[in-house]
Amino acid sequence: MRDDNMSHYDLIVIGSGPAGRSAAIQAGKLNRRVLVIDRKERLGGVSAHTGTIPSKTLRETVLNLSGWRERSFYGRAYRVKDDIGAEDLQARLNKTVDYEVDVLEHQFNRNHVETLYGLASFTGPHELEVQVEAGKSTRVTADRFLIATGTKTYRPKSCPFNGTTVLDSDEFLKLETIPRSLTVIGAGVIGVEYATMFAALDVRVTMIEPRETFLDFIDKTLIEDFTHQIRENGVDLRLGSPIEKIEDAGEHIEVTLGNGRHVRSEMLLFAAGRMGATDKLGLDKAGLETDHRGRLEVDRKTYQTKVPHIYAAGDVIGHPSLASTSLQQGRIAACHALDTPTLPESPWFPYGIYSVPEISTCGMSEEEMNERGIPYEVGIARFRETSRGHIMGLEHGMLKMLFSLKTRRVLGVQIVGEGATELIHIAQAVLNLKGTVDYFVQNTFNYPTLAEAYKIAGLDAFNRMPIPEEYKVHRTKKKKEAK
Ligand SMILES: Cc1cc2nc3c(=O)[nH]c(=O)nc-3n(C[C@H](O)[C@H](O)[C@H](O)COP(=O)(O)OP(=O)(O)OC[C@H]3O[C@@H](n4cnc5c(N)ncnc54)[C@H](O)[C@@H]3O)c2cc1C
């Protein structure tokens, strides 16, 4: 049955994840008529239901209940709660997700954002058909569209997914039991986060990555430090291990590697890749096509696709595929679509990997500086050198900064360890405001804090960098004054 009583909007947003949400709220604030369509019956997208928020809630629960942060003082056997079960992990998860959805619904109401639940597909460049329930659809039209449909898990046929012991990363959040052993396929961000989180719960974890390296966009020094830490925490990391076969043998899951070795575990998480969620969008009717991974190409300044009134933002346009960047992109796309001037994005944004330990970076890695032929100096601080780190019982964790020898500007900061994803924002501010090594030398930092690591790393580099001429003049003047 089709309802042809069409409604017309200034902007229709497909998808209510971070990109869609920020675009819709921006449009509402500009007093435009905006509709958000989502195929799921709850707002929030992957970010709220199967990605960012639930995985970070799970991490926090694991670290709290396992007493992870206290173990260096009280020993590896220390627990806040014995016999942590799947129900302990689920309880906090449900509360956090409910709260997130509630906040979002409230924001939509306050900004007069209309919502429609159903699967949207283009029937023409300005029209969508929305399947609101089986056999029932409605049509809507708009001047402008934003495709913010994100991604879905990649589920190769060679992996025997069964919904209980062989899972993708969406299913993994609905665990009914905590396995005694877990194999994680793929050492990308998602794989690394879950592998290290479950190792913190004392689950025997094997992480398999066909390539020789992992997280290649992170500075190698950090990855070496991180690899050492996660191995120490019990993750059996198998790099350079192509997968021959994954078998569901009933009582266990068996992975056969290219070198003939076998890995057996109670459960397997397949976390190797995601695909753009575009196959149901009828893009051909709107004059659009995707790449082989279902992603759309856009102008990275305006977020327009090649059909100028159709925009795309968030994971559906590919890299960097973060909730944080999706929020930015959605808002900018809405401003452009609704002819409202806004500021361009700053060049450097942070990456946060919520593994155990955390990793966060902003700007260039040492490898990138070398590739670009930029002469540089390095400053390093270990968290155990800071009083705060000592108070917290941190045995690991480091901050590494890279400075241009020519301009003295900070060009890259890489952090691994407790609080990395919060600490990085100091670096981000200094980087985007074009600050130099001198900022860290001249400024006083709260004491005792982990942020003091910036001061230590700044001084470390400063003491090895040539002294600028103007500083020498200052010193000569002082000498003369003394005479
Ligand atoms: C396990 C995991 C952990 C993550 N952790 C982090 C993190 O810590 N920090 C971070 O910044 N990012 C993280 N991410 C990435 C983050 O979740 C995504 O970058 C973000 O959700 C992308 O937002 P989006 O707006 O592009 O769309 P999504 O959040 O993917 O939402 C898209 C929405 O579109 C809807 N949709 C799709 N097709 C249609 C259609 N045809 N009709 C109607 N509706 C449709 C879907 O139902 C969905 O609700 C994580 C991702 C995963 C999977």
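We count ligands from 1, going down the list as the structure has it; atoms in each ligand are counted the same way. Basis for what follows: all heavy atoms, side chains included, without hydrogens, waters or symmetry-related copies.
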List ligand 1's nitrogen or oxygen atoms that come under 3.5 Å of a protein nitrogen or oxygen, with the partner atom and distance.
from     : atom 1 : to     : atom 2 : distance (Å)
ligand 1 : 5 (N)  : Lys56  : NZ     : 2.9
ligand 1 : 8 (O)  : Lys56  : NZ     : 2.8
ligand 1 : 11 (O) : Ala323 : N      : 2.9
ligand 1 : 11 (O) : Ser324 : N      : 3.3
ligand 1 : 12 (N) : Thr52  : OG1    : 3.4
ligand 1 : 12 (N) : Ala323 : N      : 3.0
ligand 1 : 14 (N) : Thr52  : OG1    : 3.3
ligand 1 : 17 (O) : Thr52  : OG1    : 2.9
ligand 1 : 19 (O) : Asp315 : OD1    : 2.7
ligand 1 : 19 (O) : Asp315 : OD2    : 3.1
ligand 1 : 19 (O) : Ser321 : O      : 3.4
ligand 1 : 19 (O) : Leu322 : N      : 3.3
ligand 1 : 19 (O) : Leu322 : O      : 3.4
ligand 1 : 19 (O) : Ala323 : N      : 3.0
ligand 1 : 21 (O) : Ser47  : N      : 3.2
ligand 1 : 25 (O) : Pro18  : N      : 3.3
ligand 1 : 25 (O) : Ala19  : N      : 2.9
ligand 1 : 26 (O) : Asp315 : N      : 2.8
ligand 1 : 29 (O) : Val46  : N      : 3.0
ligand 1 : 29 (O) : Ser47  : N      : 3.3
ligand 1 : 41 (N) : Ala120 : O      : 3.1
ligand 1 : 42 (N) : Ala120 : N      : 2.9
ligand 1 : 44 (N) : Arg39  : N      : 3.0
ligand 1 : 47 (O) : Asp38  : OD1    : 2.7
ligand 1 : 49 (O) : Asp38  : OD1    : 3.1
ligand 1 : 49 (O) : Asp38  : OD2    : 2.7

### Message
Quick test of your reading: applying salt bridge (Lys or Arg N to Asp or Glu O under 4.0 Å), list the pairs with at least one residue in residues 319-329, sequence neighbours left out, ordered by first then second residue.
### Response
none
## Note on the structure
Taking every heavy atom of Arg231 against every heavy atom of Leu237, the minimum-distance pair comes out as NH2-O, 2.9 Å
### Message
Please determine whether side-chain hydrogen bond (donor to acceptor under 3.5 Å, both in side chains) holds for the pair Arg295 and Thr278, giving the CA-CA distance in whole Å, both sets of side-chain angles, and the decisive distance to 0.1 Å.
### Response
CA-CA 7 Å; Arg295 294 173 302 202; Thr278 46; over 6 Å; no
### Query
Of all residues at least two apart in sequence or in a different chain, which pass the ring pair (Phe, Tyr, Trp, His ring centres under 6.0 Å) check with Phe383?
none
### Task
May I ask you to decide whether Asp299 forms a salt bridge with Lys306, counting only side-chain N to carboxylate O separations under 4.0 Å?
no
### Task
Only counting residues at least two apart or in another chain, list the ones meeting side-chain contact (heavy atoms from CB on, under 4.5 Å) with Thr61.
Thr57, Leu65, Leu89, Arg92
